[in-house]
Amino acid sequence: MDAFSSSPSSGSPSQQFSSSDFKDQLKTQLAQAYAEEFLETIRAKCFDKCITKPGSSLGGSESSCISRCVDRYIEATGIVSKSLFSAQH
């Protein structure tokens with residue numbers, strides 16, 4: 001039985017999630033989902049932009065393009081995040 005299906009009257013308190021444990025687990029799962037989505041977005045955008053002839057290895061120009069693309073995407077995401085968080089305060 002998992003913590004989501006157990007009722008308050010069943011089991012010992014050590015087998016149930018506290019509110020803070022639940023929040024911590026949710027934050028961890030959301031952070032993981034965000035990271036996966038972020039990496040997938042970078043992969044898709046940079047691959048489409050930089051890989052013109054898929055093969056078994058990357059050429060020098062493709063490798064440089066991917067590196068620059070990832071750097072720009074990370075930088076842009078940081079700028080947008082800072083703007084959003086400063087606008088909230």
Side-chain angles (χ1 to χ4, degrees):
M1 183 178 321
D2 65 20
F4 297 108
S5 63
S6 62
S7 66
S9 62
S10 67
S12 67
S14 65
Q15 292 176 334
Q16 297 176 357
F17 279 119
S18 70
S19 178
S20 64
D21 289 342
F22 179 75
K23 288 178 186 177
D24 289 343
Q25 184 180 19
L26 184 59
K27 285 178 186 178
T28 300
Q29 289 176 348
L30 286 171
Q32 182 178 0
Y34 176 77
E36 289 173 3
E37 182 179 343
F38 182 77
L39 291 174
E40 177 59 24
T41 301
I42 288 175
R43 187 212 53 81
K45 290 186 180 299
C46 294
F47 183 89
D48 290 345
K49 178 179 175 22
C50 298
I51 309 300
T52 55
K53 297 178 184 175
S56 61
S57 63
L58 293 176
S61 62
E62 291 173 331
S63 182
S64 295
C65 179
I66 288 174
S67 180
R68 285 190 311 271
C69 179
V70 170
D71 289 345
R72 281 194 308 262
Y73 193 82
I74 290 172
E75 181 181 1
T77 301
I79 291 168
V80 170
S81 296
K82 286 178 187 177
S83 296
L84 287 174
F85 288 119
S86 67
Q88 290 177 352
H89 296 286

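Atom set for the values below is all heavy atoms of this structure, side chains included, hydrogens, waters and symmetry mates excluded. Small disclaimer: the values here were computed from a predicted structure and weren't measured.
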Calculate, to the nearest 0.5 Å, the distance between atoms [atom1] and [atom2] belonging to [X] and [Y] respectively.
X: Ile74; Y: Arg72; atom1: CD1; atom2: CZ; value: 12.0 Å
X: Asp24; Y: Ser18; atom1: CG; atom2: OG; value: 7.5 Å
X: Cys65; Y: Lys49; atom1: SG; atom2: NZ; value: 5.0 Å
X: Gln25; Y: Ser20; atom1: CD; atom2: OG; value: 11.5 Å

State plainly whether one hydrophobic cluster holds both Tyr34 and Leu26, where clusters connect Ile, Leu, Val, Met, Phe, Trp and Tyr through side-chain heavy atoms under 4.5 angstrom apart.
-> no
Is the shortest distance from a Lys or Arg side-chain nitrogen in Glu40 or Arg43 to a carboxylate oxygen in the other one below 4.0 Å?
-> yes
Would you find a donor on one side and an acceptor on the other, under 3.5 Å apart, between the side chain of Ser83 and the backbone of Ile79?
->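 At least one qualifying donor-acceptor pair exists.
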What heavy-atom pair brings Ile66 and Cys50 nearest, and what distance separates the two atoms?
->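 Shortest heavy-atom contact: N-SG, 3.5 Å.
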Over all atoms of both residues, closest heavy-atom pair of Glu62 and Thr52 =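 The pair with the smallest heavy-atom distance is OE2-N, 3.8 Å.
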